[in-house]
Structure formats: C-alpha cells, structure tokens
Peer 1: 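Here's a structure for you.
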Amino acid sequence: MKLACLCVLFFLFHHCLAQHPDEKLKNLAEGSPIEKIHLHLDRDEYLAGQTIWIKAYLYSDLLPSDKSTVLFVELLNTSSTVLLRQTLPVSRAVSQGQIELPDTISSGQYIIRAYTATMLNHDESFVFKRMISVSGKNKNNAATPSPRQLRLEFFPEGGNFVAGQPNTIAFKATDENGWPVNVNAVLKNSKQEIITRFSSLHDGMGMFDVDAQPDAGYYVEITGDASQQKYPLPLSASKGIVFRLLNAPGNIHFEIFQQKNDPVFQAAYMIGQMQHHPVFKQPLIQGTSSLSGFINTSHLSSGILHITVFNKDGMPLAERLSFVNNKEYIRTAELTTDKVSFSALSENHFHLRFKDSVSGSFSVSITDPAYNASAIREQNIFSSLLLTSDLKGYVHDPAYYFSADNDSVRAALDLLMMVHGWRRFKWEQLLKESLRPLKYKDPAFASITGRVTLEGTKKPFANKELLLYIIGADSSRKVQLLKTDENGNYQIDSLIFFGRARLLHNVNNKKKLLVNIHPGGDSLNRPYALP
C-alpha cells in the first residue's frame, strides 16, 4: 500500500513539473511585475549652474504603468557617488521635475539614474541609466591612456555548443572600457588548421558557423594582431540541442538539431514569453533529428521575445531572444512651422498634428544643435522601453536599431539578441523555488507618521483627534484631520507636496492638555542599496 502511494505521489509530482513552466510564468507575471522607465531630458550637455529638466514615462505589461507612485532620480559621478537626489510623484504613468546643477560642479561625465521601488524587486541592473556631459569651472584631470586591450566573447546560439551538430556562434569584441571594436579574425583548431574566416558586422558583433568536432580545441586569432593572442571557444558538449532562429517581419523561422536516440535532450515544446507573460506554447514533433517551422509574431506587441525549448519533463534545453518589431508604437505626425525667428527673445510658433486621434502624455525639448555633441541622440524612448530595459550590460548606440527598417539594421538587432542574455530570472531557479515575497513596496506617495504622548509622561494620547497643517514651500496650506490609535500613533498617506513643507500639529482637547509630538521616519527618503 505504501509503495502504491509513493508511485502515485511521484506521478503527480512528475505531472506537475511538466506543467510548471507556463504556470510559473503566469505566477511570476502576477506576483512580480516588470516596470520600466524612460527619462526625457531637455539635452545631453549642460553647463554648471544649469537646470536639468526631466519628464519620466513609466511602462509595465506593455502599457503605461500603474504600479508606482514615487520616482527616485539621482545624479552620480563616474565613481558612482550619489551627488543629488530627487523624489518625484508619479501620476498616470508620468512624472516631471528638475535637477539644479551646482555652480561648483566639475567638468566631466555624469550618470542620471532613475528607479522605483517596484523595479528594485528585480535585478538592480535594469534601472534606467543615462550619461550626460557637464562643463564646469574645474576640469577633471585627464586619465593617462592605457594600452588598448581587446576582449572577445563567444555566444553559441541557443546557449549550447554541441559536437556533431551545425552550430552558429555569435561574438562580441570590446576594448577595456566596453566600447565596441570591429575585428577580422580566423577560426582554427588545435592542429592550427583554418576552419573559417569571419568579420564583425556591426559594433564589434558578428557570427560564424561551425560543424563542431569533439575535442577539436577551437580558438580564434585576430587578423593583424602582432601578439597572436588566442581566444578559445567554449568546449563543445557531447549532448544537447542546437536551436537557431531567423527573424523576418511577421514571423520567425526556427531550426532544432538533436540526437533522436537521447530522450532527455529531445525537444517537446517551446514557450515564448514577453515581460513574464506567456504569449505562445507550441508543441514539437518528437523522434526526429531535426525540426523546423515558423512562429507567427504578427499579433504580438513589439519588444523582446524570449523563446525556450523544453523536453517532455519540463526541463529547459535551449533558449534564444528575438526582437519583435511590429511598429504599433509609432504614430505618424506632421510638424509644421508657423513662425521662426532666431533673434534674441523672439517668438517661435509650431504645430504638431497627428493624422488620427491620439490620447496620451507628450513632451518636446528644443535644443541648439551648436551645443549638441551628436546630431542624433544615442538613446530614445523606443530603445529605452523596448530594448535596453530588458538587457544586461552596455548597449552601444541603442537608438540605431530603430533608425531604419532595412536588412542591415534588422541583422544587427538580431546579433544584439544573441550576445546579450535575458537575466531577469533563470529557469532552473524559477521551476524549483516558490515565488518569494516582494522585497520592496511602493511608498504610495508621501506618508507621515508619528506618536502623541501626554507631556512629561509616556502615556499615549489615545483615540483622540489631531489636526495636521501642511504648509508648502509655495505657502499653500492643507489641513488633515487625523485620529490616534490606542497607542497614540497616527498615520496619513497619499500626500503630495513639492519642496520642503512645515508640519503643524494641533490637538483638539477641551481640557487643554499639553502633549509631545514624536514624528516618525521619512517614507520617501529611505536609502536603497544599489550597486
């Protein structure tokens, strides 16, 4: 009887495990939502003493976000020291404010960082970051240039480099500062035989094909490198599947190569997810050494599609990122010039006309091109919300991938998907662990807490009414009626005020008792441990 019960329990566990991936994704999407931020700044270069004007757009579940009410914006130097910090209220997925640069700030590069408490429940690497330049009175000492060092990284497509199978290997070449380096190179084996020659296609990225042989000892040499440094490829595995994609408008062509006599490494189905939401689950024909087919993406929202191949027991075998660009985020508009004058303090008038009715929030920045280092910004709202907010590591000139709709841009974007991994979660951990409670909670705008005691005693001023006057920096006045609890504590949340405010307490008691007010902590100024 015990043996029968154990068999039943094992069967139920095995069945649940096979169902885990899509169920786990749904739970993750509901319990730990993804939130993204884009900051629209009025420019990229500033002078000491100027104001950085900011408008923030928050995005979650492919829609304007309703997850957060408080936005934290920080100015950091290149040593990651926080110099200035602003706490801004969020309403209807937007926020706006400014950072006043001190007159004494030194010349150099600075980082604008923005995040919400909701975002910090995921990896802190996904917070918004943007570099700006500041010209100040004091110039930073220029660093002594060091000899250039090349870093060459290899990324087997699908995550596996399998012997006896046709493999595609993507690569990325960067210098010691992470900037892309374009290279020409040759692939050799341990016998120094040339297997293939290849070159980078865009920003140090490229790819090559190799039919891997066991224990071949593959390595790469850079053409023209006098040091003849060898960059070894990852060791090929004897088992595993090869998963390849070819992206096209409206669909993705996939190929799977596997050993049909190995049931553990047999592809059974694929799951595609965007922002933790499953968008398709596609069964696969089993018992064959190669599979191919199409994934329809014409109905999906634009963004990064994360595709994972599983075996029949729900074990992930391979994964690949692909970018879906259906352009539904673009609204055609026409900018017409009514009046233009370049004289000082003169009036200029423009009209922005949309062809269709559009509701939303908009921001426009007007800059002088003479003070812009680049004619085109390297980062925009498309690249922030649809691309870099889901990728770890530095992406060079992300706005390029939205600059045109041609084969070269699409090929470069697909290369980017191959050399940057999705690391918001790992399947192995997600399948084994239960969903953890969220570490951070949105502050719900500003909260004020405190405790009231009778003067000269520790006795609480319990269950009594309390008037709170909030006098803002602009002399605005708000009155809130509170009531203490049995311990004399009071709390009020969902407050919004700008700048510093004075808080005046008035106790309404007929006996004219004197009381002491013990203010609580600041709900907005709490520190977050960010790397």
Peer 1: Output the distance between atom CG (Leu245) and atom CD1 (Ile295), rounded to the nearest 0.5 Å.
Peer 2: 6.0 Å

Peer 1: Check Asn326 against Thr297 and note the closest heavy-atom contact, atom names and distance.
Peer 2: ND2-O, 2.9 Å

Peer 1: Is a donor on one side and an acceptor on the other found under 3.5 Å between the side chain of Asp61 and the backbone of Leu63?
Peer 2: no

Peer 1: Could you go step by step and tell me if Tyr218 and Val210 meet the side chain to side chain contact (heavy atoms under 4.5 Å, CB included) rule?
Peer 2: CA-CA 10 Å; Tyr218 295 108; Val210 55; 4.2 Å; yes

Peer 1: Would you call the rings of Trp427 and Phe310 parallel, tilted or perpendicular, taking 30° and 60° as the class edges?
Peer 2: perpendicular

Peer 1: Give a yes/no verdict on a cation-pi contact between Lys36 and Phe128, requiring under 6.0 Å between NZ or CZ and the six-membered ring centre and an angle within 45° of the axis.
Peer 2: no

Peer 1: List the steps, then state whether side chain to side chain donor-acceptor pair (under 3.5 Å) holds for Thr118 with Asp442.
Peer 2: CA-CA 6 Å; Thr118 303; Asp442 180 69; 5.0 Å; no

Peer 1: Judged by modelled atom types alone, do Lys260 and Ser290 share a side-chain donor-acceptor pair under 3.5 Å?
Peer 2: no

Peer 1: Is a side-chain N or O of His38 found less than 3.5 angstrom from the main chain of Tyr59, in a donor-acceptor match?
Peer 2: no

Peer 1: Apply salt bridge (charged side-chain N to carboxylate O under 4.0 Å, His left out) to Arg410 and Asp405, showing your working.
Peer 2: CA-CA 7 Å; Arg410 286 197 293 267; Asp405 187 23; 2.7 Å; yes

Peer 1: Supply the atom-to-atom distance Ser292 OG to Ile256 CD1, rounded to the nearest 0.5 angstrom.
Peer 2: 9.5 Å

Peer 1: Does the side chain of Tyr115 come within less than 4.5 Å of Glu74's, by heavy atoms?
Peer 2: yes

Peer 1: Would a 4.5 Å heavy-atom cut-off, applied to side chains only, mark Phe161 and Ile169 as touching?
Peer 2: yes

Peer 1: Do Asn121 and Ser32 pair up side chain to side chain, a donor and an acceptor below 3.5 Å, judged on atom types alone?
Peer 2: no

Peer 1: Apply ring pair (Phe, Tyr, Trp, His ring centres under 6.0 Å) to residues His276 and His122 and explain how you reach the verdict.
Peer 2: CA-CA 12 Å; His276 296 169; His122 297 276; 5.6 Å; yes

Peer 1: Determine, stepwise, if the pair Met207 / Met418 fulfils side chain to side chain contact (heavy atoms under 4.5 Å, CB included).
Peer 2: CA-CA 9 Å; Met207 62 182 180; Met418 295 173 68; 4.3 Å; yes

Peer 1: Grab the two heavy atoms, one from Ser125 and one from Lys129, that are nearest each other, plus how far apart they are.
Peer 2: O-NZ, 3.4 Å

Peer 1: Take atom CD1 of Ile496 as the centre, draw a 6.0 Å sphere, and report whether it contains more than 12 heavy atoms from other residues, nucleotides or ligands.
Peer 2: yes

Peer 1: For atom CZ of Arg197, is the number of surrounding heavy atoms from other residues, nucleotides or ligands below 6.0 Å larger than 12?
Peer 2: no

Peer 1: Between Ser389 and Ser384, do the side chains contain a donor N or O and an acceptor N or O under 3.5 Å apart?
Peer 2: no

Peer 1: State, yes or no, whether a side-chain contact exists between Leu291 and Glu255 at a heavy-atom distance under 4.5 Å.
Peer 2: no

Peer 1: Do Tyr269 and Pro21 make a side-chain contact, defined as non-hydrogen atoms from C-beta onward lying under 4.5 Å apart?
Peer 2: yes

Peer 1: Might you confirm whether atom CD1 of Ile285 has over 12 heavy atoms from other residues, nucleotides or ligands at distances under 6.0 Å?
Peer 2: no

Peer 1: Is there a donor-acceptor pair under 3.5 Å between the side chain of Asn167 and the backbone N or O of Val162?
Peer 2: yes

Peer 1: Count the heavy atoms of every other residue, nucleotide or ligand shown that sit under 6.0 Å from NZ of Lys327, and state whether that count exceeds 12.
Peer 2: yes

Peer 1: With a 3.5 Å cut-off and no angle check, do the side chains of Ser133 and Gln109 form a donor-acceptor pair?
Peer 2: yes

Peer 1: Using the ring of each side chain (for Trp, its six-membered ring), is His202 parallel, tilted or perpendicular to Tyr401, with breaks at 30° and 60°?
Peer 2: perpendicular

Peer 1: Within the structure provided, determine whether Ile381 and Tyr57 are in side-chain contact (heavy-atom separation under 4.5 Å).
Peer 2: yes

Peer 1: Side-chain contact, heavy-atom cut-off 4.5 Å: Leu284 with Phe254?
Peer 2: yes

Peer 1: Could you walk me through whether Arg130 and Asp44 pass salt bridge (charged side-chain N to carboxylate O under 4.0 Å, His left out), step by step?
Peer 2: CA-CA 9 Å; Arg130 177 171 172 177; Asp44 294 322; 2.3 Å; yes

Peer 1: Tell me the closest heavy-atom pair linking Gly178 and Tyr394, and the distance in Å.
Peer 2: O-CD2, 3.7 Å

Peer 1: Look up atom NE2 in His277 and atom CG in Asp22, then write down how far apart they are to the nearest 0.5 Å.
Peer 2: 14.0 Å

Peer 1: Kindly indicate, with the supporting measurements, whether the criterion side chain to side chain contact (heavy atoms under 4.5 Å, CB included) is fulfilled by Asp356 and Arg331.
Peer 2: CA-CA 8 Å; Asp356 300 312; Arg331 292 293 180 266; over 6 Å; no

Peer 1: At their closest point, which heavy atom of Leu386 faces which heavy atom of Ile304, and how far apart are they?
Peer 2: O-CG1, 3.9 Å

Peer 1: Would you call the rings of Phe362 and Phe354 parallel, tilted or perpendicular, taking 30° and 60° as the class edges?
Peer 2: tilted

Peer 1: Can you tell me if Gln258 uses its side chain to pair, donor with acceptor, with the backbone of Ala267 under 3.5 Å?
Peer 2: yes

Peer 1: State whether Tyr219 and Lys188 meet the cation-pi test: NZ (Lys) or CZ (Arg) under 6.0 Å from the six-membered ring centroid, and within 45° of the perpendicular axis.
Peer 2: no

Peer 1: Which is it for Lys55 and Ser95 under the side chain to side chain contact (heavy atoms under 4.5 Å, CB included) test, yes or no, and what are the steps along the way?
Peer 2: CA-CA 6 Å; Lys55 185 161 184 183; Ser95 182; over 6 Å; no

Peer 1: Is the closest side-chain donor-acceptor distance between Thr168 and Arg244 under 3.5 Å?
Peer 2: yes

Peer 1: Between Asn380 and Phe382 (side chain of the first, backbone of the second, donor and acceptor by atom type, cut-off under 3.5 Å), is there such a pair?
Peer 2: yes

Peer 1: Do Ser301 and Glu328 have side chains that approach each other closer than 4.5 Å (heavy atoms only, starting at C-beta)?
Peer 2: yes

Peer 1: Test your reading of the model: is there a side-chain donor-acceptor pair from Thr81 to the backbone of Asn77, 3.5 Å cut-off?
Peer 2: no

Peer 1: What pair of heavy atoms forms the shortest contact from Glu35 to Ser65, and how long is it?
Peer 2: OE2-OG, 2.5 Å

Peer 1: Working to the nearest 0.5 Å, report the span between OG1 of Thr174 and NZ of Lys172.
Peer 2: 6.0 Å

Peer 1: When you measure from the side chain of Asp414 to the backbone N and O of Asn247, does any donor-acceptor pair fall under 3.5 Å?
Peer 2: no

Peer 1: Check for a donor-acceptor pair, side chain of Glu221 on one end and backbone N or O of Leu187 on the other, with a separation under 3.5 Å.
Peer 2: no

Peer 1: Mind checking whether Phe171 and Phe198 have ring centres under 6.0 Å apart?
Peer 2: yes

Peer 1: With a 3.5 Å distance limit and no angle check, can you tell me whether Asn160 reaches the backbone of Gly240 through a side-chain donor-acceptor pair?
Peer 2: no

Peer 1: With a 3.5 Å cut-off and no angle check, do the side chains of Gln259 and Ser289 form a donor-acceptor pair?
Peer 2: no

Peer 1: Which heavy atom in Asp215 sits nearest to a heavy atom in Ser236, and how many Å separate them?
Peer 2: N-OG, 4.4 Å

Peer 1: For the atom pair CZ (Phe445) and OG (Ser68), what is the distance rounded to the nearest 0.5 Å?
Peer 2: 10.0 Å

Peer 1: Does a side-chain heavy-atom distance below 4.5 Å link Val73 with Ile112?
Peer 2: yes

Peer 1: Look only at the side chain of Ser447 and the backbone of Asp493, and say whether a donor-acceptor pair between them is shorter than 3.5 Å.
Peer 2: no

Peer 1: For His40 and Ser365, does a side-chain donor sit closer than 3.5 Å to a side-chain acceptor?
Peer 2: yes

Peer 1: May I ask you to check whether Asp397 and Gln379 show a side-chain donor-acceptor distance below 3.5 Å?
Peer 2: no

